[in-house]
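Contents: one structure, followed by commentary.
In listed order, ligands and their atoms are each counted from 1. From a predicted model like this one, the values you see are computed outputs, not experimental measurements. Keep in mind that the numbers below use all heavy atoms, side chains included, and drop hydrogens, waters and symmetry copies.
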Amino acid sequence: MSGAEGGGFAAPQGVGETSGRRERIRANLAALRERVDAACAAAGRRPEDVTIVAVTKTFPASDVRILAELGIGDVGENRDQEAAPKAAECAGLGLRWHFVGQLQTNKARSVARYADVVHSVDRARLAAALGQRARLEGRHLDCLVQIDLDPAAQAGVLGPRGGVDPADALAVADAIAAEEGLSPAGVMAVAPRGADPAEAFARLNAVAAEVRDRYPRAKAVSAGMSGDLEAAVEHGATHVRVGTALLDDRSTNVG
Ligand SMILES: *Cc1c(COP(=O)(O)O)cnc(C)c1O
């Protein structure tokens with residue numbers, strides 16, 4: 001957009017766009033906080049027990065900076081190629097970086113450099129690679145076991161989004177716990193397409209309880225996105241991962 005030019009005053013180029021973007025994100029964040037507050041009230045939970053992770057994929061570092069100025073402390077990315085340079089550009093903002101996308105073992109080295117939380121640990125081999133890299137980098141990573149809630153995946157059809165069969169969640173948590181430099185911090189899931197999110201998140205919450213029984217500090221339940229966060233909060237989400245409700249439609253962005 002460049003429609004603010006030619007108004008006859010000497011504002012530096014781009015300033016109008018930046019403040020417009022800031023106001024837009026501010027309004028989105030206010031509306032999002034209202035949704036989270038209402039969902040917490042309905043569930044008898046406290047809003048401070050639900051962390052908003054702003055998923056900034058496809059959006060520029062300038063948006064991350066705006067979010068930080070508006071009080072967001074947690075940001076999420078799903079592709080290392082995009083996340084690594086963005087995290088570097090935003091160093092010094094005091095943000096916690098969450099890696100929420102499917103993760104190839106060969107990207108573990110890069111992700112271990114900037115991520116504070118990895119939501120998508122779904123196999124022992126990945127835990128081992130992250131552990132090795134975290135130790136080499138002198139870093140500590142909180143790791144969530146990603147659960148595949150799609151019954152089709154449990155029937156042997158591979159799910160498109162990653163995640164382990166709920167029956168194998170404890171084995172992955174054990175693999176994380178075995179790695180110095182990693183801590184099992186909870187579970188994560190994406191509601192299967194076309195399924196009832198409340199039913200899916202109720203199943204996730206049961207898996208979360210099993211993991212917590214063995215690892216009492218693994219309290220995180222990462223569930224819920226822009227379209228289904230109310231159902232997630234109703235069923236115990238401690239982290240909601242929100243992109244479009246904060247930053248608008250990604251379809252106009254590259255990536
Ligand atoms: C993109 C993404 C989100 C955010 O989704 P929205 O619908 O834009 O809120 C959440 N979780 C994961 C794993 C994602 O890749």
Side-chain angles (χ1 to χ4, degrees), residues 24-25 27-36 39 50-61 63-64 66-67 70 72-84 86-87 95-104 107 111 115-123 126 141-150 153 158-164 172 185-198 200-201 204 207-208 220-233 235-255:
R24 177 75 195 167
I25 295 174
N28 286 347
L29 178 57
L32 174 63
R33 289 217 164 105
E34 275 183 32
R35 280 178 69 188
V36 171
V50 178
T51 299
I52 294 169
V53 178
V55 179
T56 51
K57 66 189 183 201
T58 79
F59 292 98
D63 279 357
V64 177
I66 289 171
L67 286 162
L70 294 172
I72 287 287
D74 295 83
V75 294
E77 287 282 334
N78 74 334
R79 285 170 62 240
D80 176 63
Q81 304 92 294
E82 181 183 350
K86 209 183 287 183
L95 294 165
R96 273 167 72 77
W97 288 84
H98 298 249
F99 191 87
V100 304
Q102 275 183 264
L103 183 51
Q104 312 256 268
K107 300 287 188 198
V111 168
D116 299 291
V117 188
V118 178
H119 290 228
S120 46
V121 181
D122 59 2
R123 57 204 190 277
L126 178 57
L141 308 184
D142 281 338
C143 292
L144 310 189
V145 180
Q146 184 177 352
I147 310 296
D148 191 338
L149 296 173
D150 190 342
L158 205 64
R161 285 162 156 150
V164 67
V172 176
V187 298
M188 175 274 213
V190 177
R193 242 183 278 270
D196 172 11
F201 293 141
L204 177 67
V207 180
V221 181
S222 169
M225 317 197 302
S226 295
D228 58 16
L229 67 90
E230 283 84 0
V233 168
H235 292 285
T238 62
H239 292 72
V240 291
R241 308 177 308 270
V242 179
T244 47
L246 271 177
L247 297 169
D248 300 317
D249 198 348
R250 280 185 294 273
S251 63
T252 52
N253 289 300
V254 187

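- For atom 13 (C) of ligand 1, the nearest protein heavy atom (residue, atom name, distance) is Val100 O, 3.4 Å.
- Here the side chain of Asp116 pairs a donor or acceptor atom with the backbone of Trp97 at under 3.5 angstrom.
- Taking only nitrogen or oxygen atoms, main chain and side chain alike, Gly243 reaches within less than 3.5 Å of ligand 1.
- Counting only distance, with no hydrogens or angles, the side chain of Arg33 and the backbone of Asn28 share no donor-acceptor pair below 3.5 Å.
- Nearest to atom 14 (C) of ligand 1 by heavy atom, out of Lys57, Arg241, Met188, His98, is Lys57.
- Within the 3.5 Å criterion, the main-chain N or O of Val55 finds no donor-acceptor partner in the side chain of Arg241.
- Taking all atoms of both residues into account, the shortest heavy-atom contact from Ala54 to Leu67 is CB-CD1, 3.9 Å.
- Interface of Thr244 with ligand 1, defined as ligand atoms under 4.0 Å from a residue heavy atom, comprises 6 (P), 7 (O), 8 (O), 9 (O).
- The protein heavy-atom contact nearest to atom 10 (C) of ligand 1 is Met225 SD, 3.2 Å.
- Of all protein heavy atoms, the one lying nearest to atom 6 (P) of ligand 1 is Ser226 OG, 3.5 Å.
- A salt bridge is defined here as a Lys NZ or Arg NE, NH1 or NH2 lying under 4.0 Å from an Asp or Glu carboxylate O, and Lys57 with Glu82 fails to meet this definition.
- Counting the atoms of ligand 1 from 1 in the order shown, those under 4.0 Å from a heavy atom of Val242 are 9 (O).
- The side chain to side chain donor-acceptor pair (under 3.5 Å) with Ser222 is formed by just one residue from the set His239, Gln146, His119; it is His119.
- Residue contacts with ligand 1, taken as heavy atom pairs separated by less than 4.0 Å, do not involve His119 at all.
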